Each structure stands twice: as structure tokens, then as C-alpha cells.
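Reading through the C-alpha cells given below for one structure.
Convention: sequence-line order gives letters A, B, ...; per-chain numbering from 1. As the structure is a prediction and not an experimental result, all values here were calculated from the model.
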Amino acid sequence: MRIFNSYTNKIEEFETIHPNKVNMYVCGPTVYNYIHIGNARPVVFFDTVKRFLEKKGYEVKFASNFTDVDDKIIQKAMEEKEDELKISQKYIDAFLKDLSDLNCKIDYIQPKVTEYMDYIIKFIKELIDKGYAYNVDGDVYFRVDKVKDYGKLSNQNIDDLIAGSRIDINPKKESPLDFTLWKKTTVGINFESPFSLGRPGWHTECVSMIDDIFNEKIDIHGGGVDLQFPHHENEIAQSQALHCHTLAKYWMHNGRLSFKNEKMSKSLGNVVLVKDVTEKMPLRYFLLSTHYRAPLNYDDESFAMYVKEWQKLQTAVKSLFLKLELDHKLNEEIEIVSKDILAEVDKFNTAMEDDFNTANAITSVQTMIKSINQSLRKNTDANYLNQQLKAIKYMMEVLGLDAKLDRLTEADRILYDDWQKARNSKNFQLADELRSKLVERGII
RNA sequence: GGACCCUUAGCCAAGCGGUAAGGCACGGGACUGCAACUCCCCCACCGCCGGUUCAAAUCCGGCAGGGUCCUCCA
């Protein structure tokens with residue numbers, strides 16, 4: 001398996017640090033609002049990565065944080081005259097709901113900044129003790145020029161960064177590039193620390209959590225490209241300072257999502273929230289339709305295409321499942337031995353192993369769909385149909401696409417029989433009534 | 001000002017030196033009680049110009065257009 005490593009800027013053979021074990025971390029949301037579909041891209045993508053690694057037999061330890069201490073949350077809390085923790089909890093719940101709707105597994109480790117305060121403080125203290133951080137009147141900054149290779153991940157050199165720096169000059173900092181580890185403040189939620197009453201800086205949160213949860217260099221660190229600089233660069237700097245390593249062996253960054261070729265942002269007023277998109281599976285399908293590193297553009301016209309494709313996919317899988325059920329021939333334990341099906345599954349896996357090329361993997365899904373429809377037209381034997389079902393289910397599980405295949409109840413079978421009888425006796429009015437019942441129950 | 005990326009049919013999108021995957025739409029057939037679904041066929045010389053090569057969408061150079069990062073942003 002090959003993965004593009006943003007740190008080295010190369011496609012590399014994937015080798016885990018420990019045999020058969022993958023430790024991975026993805027930067028999670030700052031919970032001050034509902035997430036939009038751009039936020040959903042890394043979530044869905046890395047969920048897919050995890051699914052595939054697990055299918056390959058890796059034991060995956062996956063963590064993704066909730067930033068529940070942040071200026072934006074404080075601001076929101078003041079606006080809504082609500083307690084900050086309530087605000088963040090509200091949006092954590094909403095986030096998890098969106099994830100479930102997008103069929104993302106939510107059983108991963110979910111650290112919150114508020115629950116990690118002791119550890120974060122200890123982490124900052126250690127940086128100060130080792131001379132990598134300094135305290136100025138209660139504010140603590142990280143000394144960037146003490147770390148060599150700063151800028152390697154985002155491929156920028158320090159001199160250019162300083163020259164192009166548009167950050168307002170902060171006289172407390174030794175260098176404009178130094179970033180905040182601890183901010184002295186009494187506004188909003190704050191915590192006691194040896195430095196001052198205040199709260200931690202964003203860049204130190206993830207790295208502290210990783211340090212505690214994994215206790216060593218991890219295999220994969222993921223997030224959106226926009227986090228590459230400065231967030232991930234700063235995480236690496238802190239890790240270099242304390243542990244002399246780059247925090248993660250493979251750094252993975254997904255490309256941005258735009259809306260009608262414009263940046264999706266609140267200021268442009270073109271934000272599409274996940275909760276407002278009713279077609280959740282098509283959304284997931286859409287998010288995986290382009291290679292994760294490429295930019296992805298959302299507009300209603302192209303999204304409609306994916307809605308349609310999803311329906312086609314779902315129809316085929318449901319029909320196949322239904323046929324086997326009605327014939328009492330469903331066999332989920334079957335082994336795939338048919339050469340053409342094996343070849344397609346193989347092609348699918350090859351695409352996924354090639355830096356998670358979901359776009360090409362989806363091609364295999366479509367090929368399977370076509371061949372399923374073909375065999376449903378013919379009188380294909382149940383053995384082959386069961387193998388096809390097994391193959392398509394495997395692919396859909398990896399991609400996290402759920403067609404909701406429920407076993408038929410006795411009542412369902414009777415309903416279906418009655419429908420067929422009505423049709424055969426040309427009682428079309430009754431047939432149509434029964435058909436709409438079947439559709440309603442999601443059977444056909 | 002610095003760093004970097006993209007441009008493939010009407011639309012979405014693979015490919016990454018060996019002669020254009022796939023999907024949607026369109027058109028032509030078939031199936032069909034009506035709907036829907038489905039099947040078969042058809043559908044591109046890869047932004048423009050030049051270079052390297054036996055061979056280029058794929059490498060190099062120039063031009064045009066679009067975008068990203070350097071600042072909170074997934």
C-alpha cells in the first residue's frame with residue numbers, strides 16, 4: 001500500500017511502526033457551530049481510511065479531538081448568552097449526529113481540550129523547562145527558531161515567512177513566528193496554571209493529546225491542507241522539541257472543497273451545512289468521488305448527478321438482495337470464487353491501496369453494479385448472485401455507503417406475493433396500492 | 001512580494017511516457033399494464049504555442065485562464 005506523505009512530499013510505501021497496528025489522529029472540529037460539507041470532507045475521508053485499514057486486518061487506534069476551548073466558542077456563548085460548555089456540548093452532539101448520518105463510525109477516541117487541561121499545562125511546562133518556550137507576563141510562546149526544519153511540512157522557508165508575515169507585531173514575542181502556547185486572560189473560560197490564569201493556544205492542544213493518548217510517534221496524522229500551516233507545522237515543532245521526532249510518520253492532507261468554484265466561507269454566505277443536506281449517502285458518495293488530495297467543487301448540478309448515481313447503486317443492490325431473500329437463497333457466508341468477481345474486488349483493493357484512490361475504487365463499484373443488473377436480467381444462479389452481493393457489500397462497507405438491507409419479515413413476503421398476484425391477475429389498481437406500500441417500506 | 005497547484009467530451013472524473021477508464025446528460029434500439037428500474041449501441045485526440053522522444057494528455061519552456069497557502073478557516 002502506498003500513501004502520499006505531505007512531510008516528504010512523496011508517495012511512500014506504507015509501513016506501520018508496530019506490526020499490524022495503526023495509530024492515527026485527525027484534527028477535529030472547533031465546536032462553535034454546525035459543520036458544513038467542507039468540514040465533512042476530512043471526516044468522511046479519514047473514516048474511509050480507517051475502514052479500509054481495518055478491512056486489511058490492521059488494528060486501528062483512531063483519535064480525533066474536540067476543541068471546546070476557543071475564542072469563537074466564547075464569542076458564541078456571549079452572543080447566545082449561554083454557558084460555554086453548553087454551547088460546545090450542543091455542537092459536539094450535532095457533530096456526532098452529522099457523522100452518524102454520514103455513516104461515519106463514531107466509536108473512536110474523542111478527547112476534549114477541557115478534559116486535557118492538566119496534561120496540556122504539564123506539556124507546556126516541559127517546553128519551558130527545556131528552553132523551547134518562554135513566559136512573558138503570563139503569556140507563553142514557543143521559540144520557533146530553536147527547531148530546525150521548521151517549515152518543512154508546508155514547504156516554506158522561515159525567512160520568507162517572516163518577510164511575508166502580516167501578523168500584527170506583538171512586542172512580547174521574540175520572533176513574529178513564535179506562536180502562543182498559553183494565553184493569559186480572564187475573558188471567557190479560563191484555567192489556573194503556573195504561568196497565569198488563562199487558556200491554552202490551539203496549536204498545543206492536539207500535540208498534547210496525541211502525546212498522552214498514544215505516548216509515542218504515531219503512524220498517520222490527518223487533516224485538511226489548510227491546517228498544514230501553521231497548525232501542523234507547529235505541532236511538529238513541539239514534538240521535535242520534546243521528543244525529537246516529527247510526531248507522525250505519515251502526514252496526510254485532504255484538499256479543500258469549494259462552492260461553485262468559490263471558497264466556502266461564512267463571509268461569502270455560501271455555506272452548505274451537512275444537516276441541511278437531506279441526501280446523506282449521496283453526499284458521502286460525492287465526497288469520495290474525487291481523489292482526496294484534489295480540490296472538490298460542490299454545486300447543485302453536479303450534486304444532483306451523485307444523487308442519481310447513488311439511487312442507481314442502491315436500486316441494484318436492493319434488487320439483488322430482494323431476489324435472494326424472496327427465493328430463500330440468501331447466503332452471506334459464501335466465499336467469492338468466481339474469477340471475474342474476484343478480479344473486480346482485487347481492482348477495488350488495488351485502487352484503495354494506491355494512496356486511497358476512492359475515485360477509481362468507485363469505478364469498481366459501478367462495474368459491479370452493472371454486472372449485478374445484468375445477472376438480474378438473466379436467470380443467474382443464486383450461487384453467483386450471492387458472490388456478487390458479497391463483493392458489492394464489501395466495497396460499500398469500505399467506502400461507508402450503506403444501502404440499508406434489511407431481512408424480509410413474513411409480512412413483507414406476503415405483501416410482495418400479493419403484489420405479484422394482483423399484477424398477474426391484472427388487478428392493476430390493487431397492484432399499484434401494494435406497490436406503493438412496498439416502496440414505503442423500502443423493500444423495492 | 002514569496003511558495004505552490006490546476007486546465008481531459010455538455011457536466012463530474014480517472015490517467016502521470018506506449019497511443020484516452022468510469023459515471024451523468026444527449027441520441028438510437030430493447031424490455032414494459034402504467035410508473036420506475038434495467039439492458040444493448042453511440043458519444044473526446046486531453047487550454048494554446050513550441051521543444052525533447054521511435055512514442056507525450058503524461059517530460060521541458062513560453063503564453064492564456066482559474067485556484068491555494070503565506071492570517072482565523074477543515
In whole Å, what is the span from the [atom1] atom of [X] to the [atom2] atom of [N]?
X	N	atom1	atom2	answer
A:Y285	B:rA13	OH	C1'	11 Å
A:R2	B:rC16	CZ	P	10 Å
A:E440	B:rA36	CD	C1'	17 Å
A:E433	B:rA36	CD	P	20 Å
A:E309	B:rU38	CD	P	12 Å
A:L99	B:rA74	CG	P	15 Å
A:N297	B:rA74	CG	C1'	16 Å
A:R293	B:rC6	CZ	P	10 Å

Taking [M] as the reference, what is the distance to [N] when you measure between their [atom1] atoms (whole Å, please)?
N	M	atom1	value
B:rC49	B:rA57	P	13 Å
B:rA3	B:rU8	P	27 Å
B:rC54	B:rG29	P	50 Å
B:rA74	B:rC37	C1'	38 Å
B:rG1	B:rC26	C1'	49 Å
B:rU58	B:rC48	P	11 Å
B:rC12	B:rA55	C1'	31 Å
B:rU19	B:rC11	C1'	26 Å

Given [options], the nucleotide with the shortest approach to the side chain of [X]:
X	options	value
A:E301	B:rG23, B:rC11, B:rU68	B:rC11
A:Y32	B:rA21, B:rA74, B:rG23	B:rA74
A:Q374	B:rC39, B:rC12, B:rA74	B:rC39
A:R377	B:rC73, B:rC39, B:rC34	B:rC39
A:N155	B:rA14, B:rA3, B:rC69	B:rA3
A:Y306	B:rA14, B:rU68, B:rC12	B:rC12
A:A359	B:rA14, B:rG33, B:rC73	B:rA14
A:T363	B:rC37, B:rC39, B:rA21	B:rA21

Inset, instruction - Using the six-membered ring of A:Y7, assess whether NZ or CZ of A:K152 lies under 6.0 Å from its centre and within 45 degrees of the ring axis. - result: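 Cation-pi check for A:K152 and A:Y7: passes.
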Inset, instruction - With A:K275 as the cation and A:Y34 as the aromatic partner, state whether NZ or CZ is under 6.0 Å from the six-membered ring centre and within 45° of the axis. - result: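 The answer is yes; both the distance and angle limits are met.
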With a 4.0 Å cut-off on heavy atoms, is [X] in touch with a base, just the backbone sugar-phosphate, or nothing at all?
X	result
A:L376	nothing
A:N357	sugar-phosphate
A:K312	sugar-phosphate
A:N39	base
A:H36	base
A:N373	sugar-phosphate
A:F229	sugar-phosphate

Inset, instruction - Please test A:V44 against A:C104 for side chain to side chain contact (heavy atoms under 4.5 Å, CB included), starting from the C-alpha separation and ending with a verdict. - result: CA-CA 6 Å; A:V44 165; A:C104 292; 4.1 Å; yes
Inset, instruction - Could you label the plane-to-plane angle of the A:F14 and A:Y250 rings as parallel, tilted or perpendicular, counting under 30° as parallel and over 60° as perpendicular? - result: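 Tilted.
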Legend entry - A:R199/A:D71 ion pair, N-O < 4.0 Å: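 Yes, A:R199 and A:D71 are salt-bridged.
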Inset, instruction - Examine the base of B:rC34 for any acceptor or donor lying under 3.5 Å from a partner atom in the side chain of A:R435, and report the outcome as yes or no. - result: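 Such a pair is found, so the answer is yes.
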Strand partner of [N], provided both Watson-Crick or wobble distances fall under 3.5 Å:
N	result
B:rU32	none
B:rA14	none
B:rC26	none
B:rG65	B:rC6
B:rG1	B:rC70

Legend entry - Heavy atoms from other residues, nucleotides or ligands near CD of A:Q429 exceed 12 (cutoff 6.0 Å):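 Not buried by this count: 12 neighbours or fewer within 6.0 Å.
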Inset, instruction - Between A:L296 and A:D432, just flag the one whose closest nucleotide in RNA chain B comes earlier from the 5' side. - result: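 The residue mapped nearer the 5' terminus is A:L296.
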Inset, instruction - Using the closest heavy atom to pick a nucleotide of RNA chain B for each, name whichever of A:T367 or A:S289 lands nearer the 5' end. - result: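 Checking each residue's closest nucleotide, the 5'-ward one belongs to A:S289.
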Inset, instruction - For the residue pair A:Y91 and A:D68, confirm or rule out a side-chain donor-acceptor distance under 3.5 Å. - result: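 Short answer, no.
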Legend entry - Phosphate OP1/OP2 of B:rG23: any A:K370 side-chain N/O under 4.0 Å: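 So the side chain of A:K370 is within the cut-off, an N or O lying under 4.0 Å from OP1 or OP2 of B:rG23.
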Inset, instruction - May I ask you to check whether A:F303 and A:Y298 place their ring centres under 6.0 Å from each other? - result: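 Yes; A:F303 has its ring centre under 6.0 Å from that of A:Y298.
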